[in-house]
Amino acid sequence: MRIYYAQFVLSRASVLALVLIAWGCENFVEVDPPRNELVRSSVFDSNSTASAALTDIYYQLNRTGFASGSVSSISYLTTLLSDEQVVGTAPLVFSEFAANEIRPDNSNVAELWNGMYKAIYQANAIIEGVQNSTQITEEVAVQIVGEAKFLRAFSHFYLLNLFGGVPIVTGTDYQLNTNISRSSESEVYEHILKDLLECEAVLTDDYNFAGGARVRVNRNVVRAFLSRVYLYQGNWEKAEQFATTVIDNSAYSLVALSEIVSQNNEEAIWQLYNNFYPNDLLAFYLFSAPPRLSSLRESFVELFEGDDQRRQIWIGSVSSDAVTFFFPMKYHSLESAAQYSTVFRLAEQYLIRAEAKAQLNNVDGALADVNVIRERAGLTSIASSGEVEIMKVIEQERRSELFSEWGHRWFDLKRTGRATAVLSSLKPQWSETDLLLPIPEIQIKNDPSMKGSQNPGY
Amino acid sequence: MKNITAASDLMYGSSYYLQYRYAALFGRINYLYDGKYILNITARRDGSSRFGPGRQFANFGAVGAAWIFSKERFISRTMPFLSFGKLRGSFGITGNDQISDYQYLDAYKPSTGAYQNVVGLTPARLANPNFSWEQNSKLEGAIELGFVNSRINMSVSLYRNESSSQLVGYPIPPTTGFASIQANFPATVRNSGAEFELTTTNIEAKAFTWTSAVNVSIPHNKLVSFPGIENTSYADQYVVGEPLSVRKLYRYVGVDQTVGLYQFADVNDDGNIDYLDQQSVQFVGQRWYGGFQNRLSYRGFELDFIFQFVNQSARNEYYVMGSPGSMQNQRPEVLGRWRLEGDQSSIQRYGQSYETDGTYSQLQESDHSIGGASYMRLKNISFSYALPVKWTSALRIKQLETFVHAQNLFTVTSFKGLDPETPGLLLPPLRVVTLGISVSF
């Protein structure tokens, strides 16, 4: 009997012990955050980590995608859309751009879209994180929120100009962003300008916070961008006003043609830091013929005026079998960090102001600005007497100065209504609906609010 | 170097850290009565650190029972030919936490590189604190019978498994900044079916034996429910009430006689043929399959063969052939393609343009690319002869055997693609014939 009693007690006691252990286990399965991660609230608890979260956005811009200057960037892909470059036997993801016959499942389109919305997410995360933080100093908070708002507006601007009216994303809540619909073009512009004017008011004029390097956004970068946004919108007075503030700033002046993308040169307003060489070099420079992907269209090269130095310094050529191929050579140096991928530079501001003045019927003023650019390029000035087709002059100057940079040629053709006139003879399957890229299929499929809102013609 | 900022070049290497904790408490009761009645009950409570606060624990359990009725006196009296009979059934629920860790945690991690020698912080993931255990329920019933001293054995089993709250990377649109998020799928998927098996010892004589076996499986898969499917991208792939392996495809209407291109129905009449017109629901997969095996042996000879049979639908020859005119081998049928206005054909005109590439891609996503792929194949046959021991020992060897094996010897099918067992453009199972001698000393 004693044996059975012992067994009875032992079995009941062990069951009780197990139950007690199990109840204590509730806390056992709660683990701490991993040592290689920092919880969001901690990130925004200190100046250095919050700043690191911001600088990562710049790093991602340069690394790959829409702003990197690589073959998947806006700088490159828009040269295929416009009359700047032609493709040889290139993969469909590129040849579709060159033919302006792009399918909604094109992976380059998806990468552009995804990259811009990823940057927007990171910017929104900064803005929200700083808002909810109590530990960051005022100065740092204002600085990084200002930069984040700029980057948010910057991404929305390119989404707008490539795709038309797009969803405006101002928060990180994925449940809202999964069910978000397209806004109208004017709504997106309104939002972009709101962000830009807010950060223009608070950012500093200098680059001291970036150690003097022109690789982060300060007030002058915002102003340079504002002049461009107003120009695109047709607000000529504001475009002229902001271009003037940048041009008049002694920190910026035109440099020699071969130096326009050098590291931290005086013409640069905003560049992207790298410690090797810019992606634009690999995208455009032809080391051998025939070209792997694309080359400059011959008729584009021929349109440079006779003694235009830019034709010598910014265009390279390479031959094989008696065929010569031309390529943009603004980025040419393999020396580590000699050149930076340049987003904004002073020359564009002169051309923005020239166009704004021309639209405000100040042809003399417009010519003065155009001539500054022409003089640097070794061309003779255009006299203000006599018949001058100023808009044609400006279009030609913008072409010669800004080709293969950030889609200027493509966006100019679009906004001046000149696209069909210029491209329909060069692109056999051209139609008006090609002015906008198709919204990536993956967005429309996964976002119920965007069902049926694909751009026309796709 | 005491201070990292004194370095001229900073490079960041990735670091990984993972802590996974799991706690479970379970108990089990087994009951066997009279050698005939069996009962099993288990219950458990599991907790995993992969789920967010408040969602780590869940309860699971199972019940099983069996009855060996052949041992009942009234059975053994009335049915003496029944040597074994068992009826069993079971039901259980299990869970699954096989996902990455920390998916509920909203955190940043160091970036892959530095900007101005400062390594940035980048969001580690899009966090969802709301997901929890995946649940699978299994229901099974079976009957096993043996006749005539186990010369004939058969079993029939029916099963029904349902899986719900599956843990998936749920696809979300790029406006969220990410491609997917860890979440419980609101869908319920059912895998049910029947399996039948029969083995017989047909002849068992002194010199000659012959055994055979047949098995048939009839699987059935169904998406039982998926509330809100029309608001997700899954509405393009899955249909509630149909198996998961269906495809939603264009409806093929033929080769246009005027233009010579493949034509498809514009279901929503919007003038475009796009994914919104992919409304033809076609089943791709196996309906039933099985095998039939025989083994015969007579003295030293042995013959063993197995047939495999499958009833299924799969991607047919149109899916793999490539657009006629492109640089790909074609079937002789393309000689009968459309050539002139008024021609009737089932193959579109040769072409190398965007246009013909486009219509061919659409053909691949149409119901014309799905067809029957049922087959019966002699999967394995083996014929061997082993020398009798008398002779081998005379030769001072332990064993000598000559054999011929063949795999995939012949197939009976009307499938016109490469191979019905591996539909698509894959290297099919090869026909292999081997002859040999095996000697052991």
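In what follows, chains carry the letters A, B, and so on, assigned in the order in which the sequence lines appear, proteins first and then strands, with residues in each chain numbered from 1. What you see below is based on every heavy atom in this structure, not just the backbone, and it leaves out hydrogens, waters and symmetry mates.
- Ser183(A) approaches Val188(A) most closely through the heavy-atom pair CB-CG2, 4.1 Å.
- Ring-plane geometry between Phe264(B) and Tyr250(B) is classed as tilted, the angle between the planes lying from 30 to 60 degrees on a 0 to 90 degree scale.
- In this structure, Phe226(B) and Tyr234(B) have tilted ring planes: the angle between them lies in the 30° to 60° band.
- In this structure, chain B has a heavy atom under 4.5 Å from the side chain of Val169(A), while its backbone stays farther away.
- Checked for salt-bridge contact, Glu37(A) and Arg125(B) meet the test: a charged N lies under 4.0 Å from a carboxylate O.
- Looking at Ser155(A), there are no atoms closer than 4.5 Å to chain B (heavy atoms on both sides), in backbone or side chain.
- The contact between Pro167(A) and chain B is made entirely by side chain atoms (from C-beta outward), counting heavy-atom distances below 4.5 Å.
- Heavy-atom distances place both the backbone and the side chain of Val31(A) under 4.5 Å from chain B.
- Looking at Asn132(A) and Arg40(A), their side chains never come closer than 4.5 Å, going by heavy atoms from C-beta outward.
- Using a 4.5 Å cut-off between heavy atoms, Gln454(A) does not touch chain B at all.
- The most heavy-atom pairs under 4.5 Å with chain A, out of Thr112(B), Asn128(B), Leu105(B), come from Thr112(B).
- Ranked by heavy-atom pairs under 4.5 Å with chain A, the first of Ala127(B), Ser49(B), Pro174(B) is Pro174(B).
- For chain B, no part of Ile120(A) is nearby; none of its heavy atoms comes within less than 4.5 Å.
- Only the side chain of Ala99(A) comes within contact range of chain B, judged by heavy atoms closer than 4.5 Å.
- Considering CZ of Arg50(B) and CZ of Arg21(B), their distance stands at 14.0 Å, rounded to 0.5 Å.
- In this structure, the separation between CG on Leu151(A) and NE2 on His156(A) is 12.0 Å, given to the nearest 0.5 Å.
- Only the side chain of Tyr104(B) comes within contact range of chain A, with heavy atoms under 4.5 Å apart.
- Only the side chain of Glu441(A) has a heavy atom closer than 4.5 Å to any heavy atom of chain B.
- Between chain A and the options Tyr16(B), Phe178(B), Phe51(B), Tyr20(B), the largest number of non-hydrogen pairs under 4.5 Å is found for Phe178(B).
- For the set Gly113(B), Ala235(B), Pro171(B), Ala179(B), the entry with the most heavy-atom pairs within less than 4.5 Å of chain A is Gly113(B).
- In this structure, CG in Leu121(B) is found 9.0 Å from CD1 in Ile126(A), a value given to the nearest 0.5 Å.
- Atom CZ of Phe276(A) sits in a sparse spot, with 12 or fewer heavy atoms from other residues, nucleotides or ligands closer than 6.0 Å.
- With a threshold of 4.5 angstrom between heavy atoms, Tyr121(A) approaches chain B through side-chain atoms but not through N, CA, C or O.
- Asp447(A) and Thr175(B) get closest at one heavy-atom pair: OD2-OG1, 4.4 Å.
- Contacts between Thr49(A) and chain B at a heavy-atom distance below 4.5 Å involve backbone atoms as well as side-chain atoms.
- Most heavy-atom pairs under 4.5 Å with chain B, from the set Gly211(A), Ser51(A), Gly115(A), Ala210(A): that is Ala210(A).
- Both the backbone and the side chain of Leu272(A) have a heavy atom closer than 4.5 Å to some heavy atom of chain B.
- Put simply, the side chain of Glu242(B) does not reach to within 4.5 Å of the side chain of Leu223(B), judged on heavy atoms.
- Ranked by heavy-atom pairs under 4.5 Å with chain A, the list Pro123(B), Gly27(B), Gly358(B) is led by Pro123(B).
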